[in-house]
Amino acid sequence: MKPVTVKDLAQRFSLEVLAGHSELHRPITKTKAHRPGLEFVGYFEYFPQAHVQLLGRKEITYLHSLSENERNLHIGNIVKYHPPCFVVTRDQEGLKYLTKYCEEEKIPLLRTASPTSKFQDLVDLYLSKSLAQEIAVHGVCVNVSGIGILLRGKSGVGKSETAHTLIRRGHRLVADDIVVLKKISPETLLGTHNGKTKEFLALRSIGLINVSRLYGRKAFQDETRIVLDIELTKWQEDALNNDLELEPCFTEYMDIKIPHIEIQLQPGRDVAGLVEAAANNWYLRQQGYRAAEEFMQRLQNDND
């Protein structure tokens with residue numbers, strides 16, 4: 001997890017800094033922004049003080065309606081908890097009293113022209129990704145027909161070459177060599193690159209290629225949800241399982257179980273085609289369809 005500061009937030013969303021310029025290094029450690037409505041009327045029992053505090057039209061209109069003494073009391077009660085920052089939406093004005101308290105308590109006060117609900121959604125998404133638990137694994141990450149796949153295997157087994165074939169078939173590269181996995185919810189694993197390898201694919205005997213420059217911007221995407229873990233292994237004559245319905249296997253990353261498939265390699269085998277088949281088969285399973293079940297049903301009907 002990379003640290004996120006108020007300055008990062010301000011730069012990411014082009015926020016105007018109204019107060020607390022010297023405190024933009026403050027860390028943000030919680031993933032969701034909070035609108036302090038109840039706190040302005042004096043209820044602090046469950047105040048999430050470590051969250052970004054978002055002041056929309058309702059909150060600012062309420063503060064404008066108060067007398068000076070009431071306003072000073074309510075704002076003073078909140079700023080003493082020292083949240084990381086306040087963000088005012090819709091370019092609302094008349095904030096001298098709020099600026100004064102933020103300057104005194106050294107709390108950044110920021111402003112955006114965006115509507116409150118839209119901005120809150122964007123901030124929550126940004127913070128959930130930026131503050132997510134993450135690990136780096138060796139492999140290749142691709143998006144095949146909208147399905148995120150992690151390709152793993154020993155060095156030289158053909159991961160990057162398989163990804164290259166998939167790209168030529170219209171699919172997308174996410175990361176090569178080092179894949180950053182982020183846990184953005186108890187069930188959701190996000191795959192992305194580390195920044196340095198963005199758009200690059202390393203092919204043996206060829207070298208580095210930039211897939212966006214070579215095949216167009218549709219050949220790359222920044223991140224994808226990982227739903228399949230495919231391991232490429234060397235062909236073993238006596239180890240291949242030809243059962244109609246393989247027993248489900250899983251790989252676990254940060255307590256999230258991802259369906260695991262092993263594809264054995266052999267000269268002339270269409271590995272990229274098998275990856276496409278695995279992706280499409282996974283999708284059909286999500287829709288409740290299993291080819292083996294239909295096949296067995298047909299056999300049963302023939303025997304009846």
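Numbering starts at 1 and runs along the sequence shown. Computed from a prediction, not measured in an experiment: that's the story for all the values here.
- Two residues are said to be in side-chain contact when any heavy atoms from C-beta on lie closer than 4.5 Å; Asp229 and Tyr253 meet this criterion.
- Looking only at side-chain heavy atoms (C-beta outward), Glu23 and His82 stay at 4.5 Å or farther from each other.
- Residues Arg168 and His164 form a side-chain contact, since some pair of their non-hydrogen atoms from C-beta on lies under 4.5 Å apart.
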*Start with the C-alpha gap between Thr112 and Phe13, add the side-chain angles, then the distance that decides, and say whether side chain to side chain contact (heavy atoms under 4.5 Å, CB included) holds.*
CA-CA 8 Å; Thr112 178; Phe13 295 102; 5.9 Å; no
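- In this structure, NZ in Lys96 is found 13.0 Å from CG in Leu18, a value given to the nearest 0.5 Å.
- When only modelled atom types and interatomic distance are considered, Asp177 and Thr197 share no side-chain donor-acceptor pair under 3.5 Å.
- Atom-to-atom distance recorded for Glu16:CD and Leu110:CG is 9.5 Å, nearest 0.5 angstrom.
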*side chain to side chain contact (heavy atoms under 4.5 Å, CB included) between Thr224 and Leu190, intermediate numbers included*: CA-CA 6 Å; Thr224 188; Leu190 199 69; 5.9 Å; no
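- Electrostatic pairing of Glu294 and Arg298 counts as a salt bridge here, judged by a charged N lying under 4.0 Å from a carboxylate O.
- Within a 6.0 Å sphere centred on OH of Tyr126, heavy atoms belonging to other residues, nucleotides or ligands number more than 12.
- Here Ile135 contributes atom CD1 and Lys182 contributes atom NZ; the two are 12.5 Å apart, rounded to the nearest 0.5 Å.
- With respect to Glu134 and Lys183, no salt bridge is recorded, no charged nitrogen being found less than 4.0 Å from a carboxylate O.
- Partner of Arg35 under the side-chain hydrogen bond (donor to acceptor under 3.5 Å, both in side chains) criterion, chosen from His51, Gln53, Glu59: Glu59.
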*Assess whether side chain to side chain contact (heavy atoms under 4.5 Å, CB included) is satisfied between Leu274 and Arg269, documenting all intermediate values.*
CA-CA 9 Å; Leu274 292 174; Arg269 202 170 194 216; 3.6 Å; yes
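- Ser130 contributes atom OG, which lies 8.0 Å from atom CG of Asp8 (distance to the nearest 0.5 angstrom).
- Grouping the Ile, Leu, Val, Met, Phe, Trp and Tyr side chains by contacts below 4.5 angstrom, directly or via other members, places Val174 apart from Phe200.
- Listed for the Ser128 side chain is a donor-acceptor partner under 3.5 Å among the backbone atoms of Leu125.
- Side chain of Arg172 to backbone of Asp222: no donor-acceptor contact under 3.5 angstrom is found.
- We find that Arg169 and Asp270 are joined by a salt bridge, their nearest charged nitrogen and carboxylate oxygen being less than 4.0 Å apart.
- Summarising the geometry, atom NZ belonging to Lys7 is positioned 13.5 Å from atom CD1 belonging to Ile28; distances are rounded to the nearest 0.5 Å.
- Using modelled atom types and a 3.5 Å distance limit, the side chains of Glu70 and Ser67 yield a donor-acceptor pair.
- Note on Val142 and Ile178: separate hydrophobic clusters, where clusters join Ile, Leu, Val, Met, Phe, Trp and Tyr whose side-chain heavy atoms are under 4.5 Å apart, directly or indirectly.
- Note: Phe44 and Tyr81 have parallel aromatic rings, judged against thresholds of 30 and 60 degrees for the angle between ring planes.
- Note that the CD atom of Gln133 and the CG atom of Leu181 stand 10.5 Å from one another [nearest 0.5 Å].
- With a 4.5 Å cut-off on side-chain heavy atoms, Leu201 and Leu208 do not count as touching.
- Between Glu105 and Lys80, none of the side-chain N atoms (NZ, or NE/NH1/NH2) sits under 4.0 Å from a carboxylate O, so this pair counts as no salt bridge.
- The hydrophobic clustering, which links ILVMFWY residues whose side-chain heavy atoms are closer than 4.5 Å, places Phe40 and Val88 together.
- Judged by distance alone, the side chain of Arg111 and the main-chain N or O of Val17 form no donor-acceptor pair under 3.5 Å.
- Of the N and O atoms on the side chains of Gln49 and His34, not one donor lies less than 3.5 Å from an acceptor on the other residue.
- Around atom CD of Glu93, no more than 12 heavy atoms belonging to other residues, nucleotides or ligands sit under 6.0 Å away.
- Between the side chain of Thr61 and the main chain of Arg57, a donor-acceptor pair closer than 3.5 Å is present.
- Listed by chain and residue number, Glu262 satisfy the side chain to side chain donor-acceptor pair (under 3.5 Å) test with Thr233 (two or more places apart in sequence, or in another chain).
- At least one donor-acceptor pair under 3.5 Å links the side chain of Lys159 to the backbone N or O of Lys154.
- For the residue pair Asn280 and Glu276, no side-chain donor N or O sits within less than 3.5 Å of a side-chain acceptor on the partner.
- Both cation-pi conditions hold for Arg71 and Tyr97: the charged atom is under 6.0 angstrom from the six-membered ring centre and inside a 45 degree cone around its axis.
- In the hydrophobic clustering of ILVMFWY residues, with side-chain heavy atoms under 4.5 Å counting as a link, Tyr215 and Val275 come out together.
- Contact of the Ser145 side chain with the His171 side chain is registered, since non-hydrogen atoms from C-beta on lie closer than 4.5 Å.
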*asked:* The test is side chain to side chain contact (heavy atoms under 4.5 Å, CB included); show your working for Ile226 and Cys141 and say whether it passes.
replied: CA-CA 8 Å; Ile226 302 294; Cys141 182; 3.5 Å; yes
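- There is no path of hydrophobic side-chain contacts, each under 4.5 Å, that joins Val180 to Ile230.
- Put simply, the side chain of Asp176 gets close to the backbone of Ala202: a donor and an acceptor are under 3.5 Å apart.
- Between the side chain of Thr165 and the backbone N or O of Glu161, at least one donor-acceptor pair lies under 3.5 Å.
- Residues Phe119 and Val87 meet the side-chain proximity criterion, which asks for heavy atoms closer than 4.5 Å.
- Counting only distance, with no hydrogens or angles, the side chain of Gln221 and the backbone of Asn143 share no donor-acceptor pair below 3.5 Å.
- For the residue pair Glu199/His193, the side-chain donor-acceptor check at 3.5 Å is not satisfied.
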